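Nothing here was measured: the structure is a model prediction, and the numbers come from that model. Per chain, numbering begins at 1; letters A, B, ... match sequence-line order.
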Number of protein chains: 2
Amino acid sequence: MVAIEFEDRLRDRSKWSIGGACSMSKALDLLSTKTAFLVIRECFYGTSRFEDFVECTQASAPAVSRALRQLEATGIVIRVPYQEPGKRVQDEYRLTEAGKDLFPVLLSLVQWGDKHLQGGRGPLSFVDADSGRPLRVDLITEIADPPTRPENIEIRLNAQSRRRSS
Amino acid sequence: MVAIEFEDRLRDRSKWSIGGACSMSKALDLLSTKTAFLVIRECFYGTSRFEDFVECTQASAPAVSRALRQLEATGIVIRVPYQEPGKRVQDEYRLTEAGKDLFPVLLSLVQWGDKHLQGGRGPLSFVDADSGRPLRVDLITEIADPPTRPENIEIRLNAQSRRRSS
DNA sequence: CCGTATCCTGATAGATACTG
DNA sequence: CAGTATCTATCAGGATACGG
């Protein structure tokens with residue numbers, strides 16, 4: 001919560017804090033669909049093919065199709081053609097830099113859910129690939145070392161949970 | 001703590017809810033509506049009264065009403081009766097601890113939007129109230145000092161953006 | 001098998017009208 | 001003023017069916 005003395009400044013929010021104008025609203029417009037979120041999550045988990053998205057997100061194929069087109073249109077995901085030997089050319093879907101930058105959003109959501117919905121620890125742990133140390137998102141005032149990049153993240157399944165997605 | 005109503009709600013929604021039961025999916029179920037996000041944002045900005053939510057979020061009154069009920073049912077917001085002298089008792093809405101814990105989610109969204117949608121800096125800065133140092137959300141492996149609490153955050157309006165730009 | 005178009009259901013947002 | 005019920009438009013999600 002914001003300190004009282006700033007409420008004066010904040011009072012006339014109409015100038016800048018309008019529903020459709022702030023960064024958060026805009027971001028939410030792009031990520032408004034739940035499928036889009038889930039697809040991005042799977043991207044971080046290493047999924048790159050259509051079929052796998054469908055399976056991992058447990059969404060329908062049309063929903064995944066829509067989400068991928070949406071995410072591609074907004075520059076969060078790119079379609080990369082690839083070809084397995086003996087097969088025809090297909091597309092795979094990878095996060096752009098902008099997409100990778102969404103990792104803190106995802107992780108903070110996971111953290112919140114783990115704490116307040118799962119009653120503690122969730123099924124997944126995130127670990128810095130170099131140091132092996134637990135990774136999390138938090139409010140900081142200083143740059144603590146170079147911040148970890150999404151490329152450098154290892155995802156570990158906690159022992160007590162059966163499935164990755166449960 | 002915030003568990004029972006959640007589960008009921010999630011069970012009801014299980015018919016159409018996708019993505020299984022990971023923390024992120026569950027969190028998204030609770031925050032899926034855009035109005036809910038905006039209401040929470042306004043809570044952090046110091047808004048606590050119905051009318052102000054309606055004005056600040058630019059959502060319709062019914063939407064705000066629904067969002068507040070939803071958020072109250074899920075333990076993110078509580079209704080607190082209060083009385084101004086000479087007026088009748090009303091309710092105001094405040095974030096619970098669970099609600100305050102959503103701050104990193106909000107801030108990471110704002111950060112992402114500022115970087116990738118606003119092309120740089122957005123209209124708001126977040127500053128540690130004690131040290132006055134810029135505050136942000138990032139991936140960390142170690143606890144950098146005691147992490148800043150949402151109570152301790154100052155929000156500053158950046159000088160250059162006066163408009164609801166882009 | 002990969003991906004999309006189509007159609008239907010269900011959920012959310014706004015406008016309106018109503019209560020205390 | 002502080003909310004809520006209702007109605008309707010719109011949009012997301014799934015089932016199905018269809019083309020590459």
In whole Å, I'd like the distance from the [atom1] atom of [X] to the [atom2] atom of [N].
X	N	atom1	atom2	result
B:F37	C:dA13	CZ	C1'	17 Å
A:F53	C:dG3	CZ	P	10 Å
B:K34	D:dT10	NZ	P	17 Å
A:E55	C:dC2	CD	C1'	15 Å
A:L31	D:dC11	CG	C1'	17 Å
A:R79	C:dC2	CZ	P	14 Å
A:L28	C:dA13	CG	C1'	15 Å
B:L30	C:dT12	CG	C1'	16 Å

*Any ring pair (Phe, Tyr, Trp, His ring centres under 6.0 Å) involving residues 71-92 of chain B? Give me the pairs, sequence neighbours left out, ordered by first then second residue.*
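Non-adjacent pairs meeting ring pair (Phe, Tyr, Trp, His ring centres under 6.0 Å): zero.
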*Does OP1 or OP2 of D:dA2 have a side-chain N or O of B:Y93 closer than 4.0 Å?*
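Checking B:Y93 against D:dA2: no side-chain N or O falls below 4.0 Å of OP1 or OP2.
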_Looking at D:dA5, I'd like to know if its phosphate oxygens (OP1 or OP2) sit under 4.0 Å from a side-chain N or O belonging to B:R69._
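So the side chain of B:R69 is within the cut-off, an N or O lying under 4.0 Å from OP1 or OP2 of D:dA5.
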*A:E154: what forms a side-chain hydrogen bond (donor to acceptor under 3.5 Å, both in side chains) with it, not counting sequence neighbours?*
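Once residues adjacent in sequence are excluded, the partners of A:E154 under the side-chain hydrogen bond (donor to acceptor under 3.5 Å, both in side chains) criterion are A:R156.
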*Who passes side-chain hydrogen bond (donor to acceptor under 3.5 Å, both in side chains) against B:S125, sequence neighbours left out?*
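For B:S125 the side-chain hydrogen bond (donor to acceptor under 3.5 Å, both in side chains) partners, ignoring immediate neighbours, are B:N158.
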*Take the angle between the ring planes of B:Y93 and B:F50 and call it parallel below 30°, perpendicular above 60°, tilted in between.*
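Tilted, since the angle between the ring planes falls between 30° and 60°.
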Look at the side chain of [X] and decide which nucleotide, out of [options], has an atom nearest to it.
X	options	result
A:T33	D:dA12, D:dG3, C:dC1	D:dA12
B:D91	C:dG14, C:dG3, D:dG3	D:dG3
A:S65	D:dG3, C:dT4, D:dG13	C:dT4

*For B:R49, what residues pass the salt bridge (Lys or Arg N to Asp or Glu O under 4.0 Å) criterion, not counting sequence neighbours?*
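Once residues adjacent in sequence are excluded, the partners of B:R49 under the salt bridge (Lys or Arg N to Asp or Glu O under 4.0 Å) criterion are B:E84.
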*Using the test salt bridge (Lys or Arg N to Asp or Glu O under 4.0 Å), find all partners of A:E92 that sit at least two apart in sequence or belong to another chain.*
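Listed in chain order: A:R94.
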_Secondary-structure string, 5' to 3', Watson-Crick or G-U under 3.5 Å, | for another-strand partners, for DNA chain C_ = |.||||||||||||||||||
_Hydrophobic cluster (4.5 angstrom, side-chain heavy atoms) - remaining members for B:I78_ =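 B:V80, listed by chain and number.
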Can I get a per-line list of side-chain donor-acceptor pairs under 3.5 Å for residues 98-107 of chain A, giving both atom names and the distance, sequence neighbours left out?
residue: A:K100; atom: NZ; partner: A:E151; partner atom: OE2; Å: 3.1
residue: A:D101; atom: OD1; partner: A:R149; partner atom: NH1; Å: 3.4
residue: A:D101; atom: OD2; partner: B:K115; partner atom: NZ; Å: 2.9
residue: A:D101; atom: OD2; partner: B:H116; partner atom: NE2; Å: 2.6

*At what distance, to the nearest 0.5 angstrom, does CZ of A:F37 lie from CG of A:L30?*
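If I round to the nearest 0.5 Å, the distance is 10.0 Å.
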_Heavy atoms only, 4.0 Å cut-off, all strands: where does B:A63 land among base, sugar-phosphate and nothing?_
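The residue B:A63 makes sugar-phosphate contact but no base contact.
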_Summary of protein contacts for nucleotides 15-20 of chain D, nucleotide by nucleotide, where a base hit scores B, a sugar-phosphate-only hit scores S (4.0 Å, heavy atoms)_ = BB---B
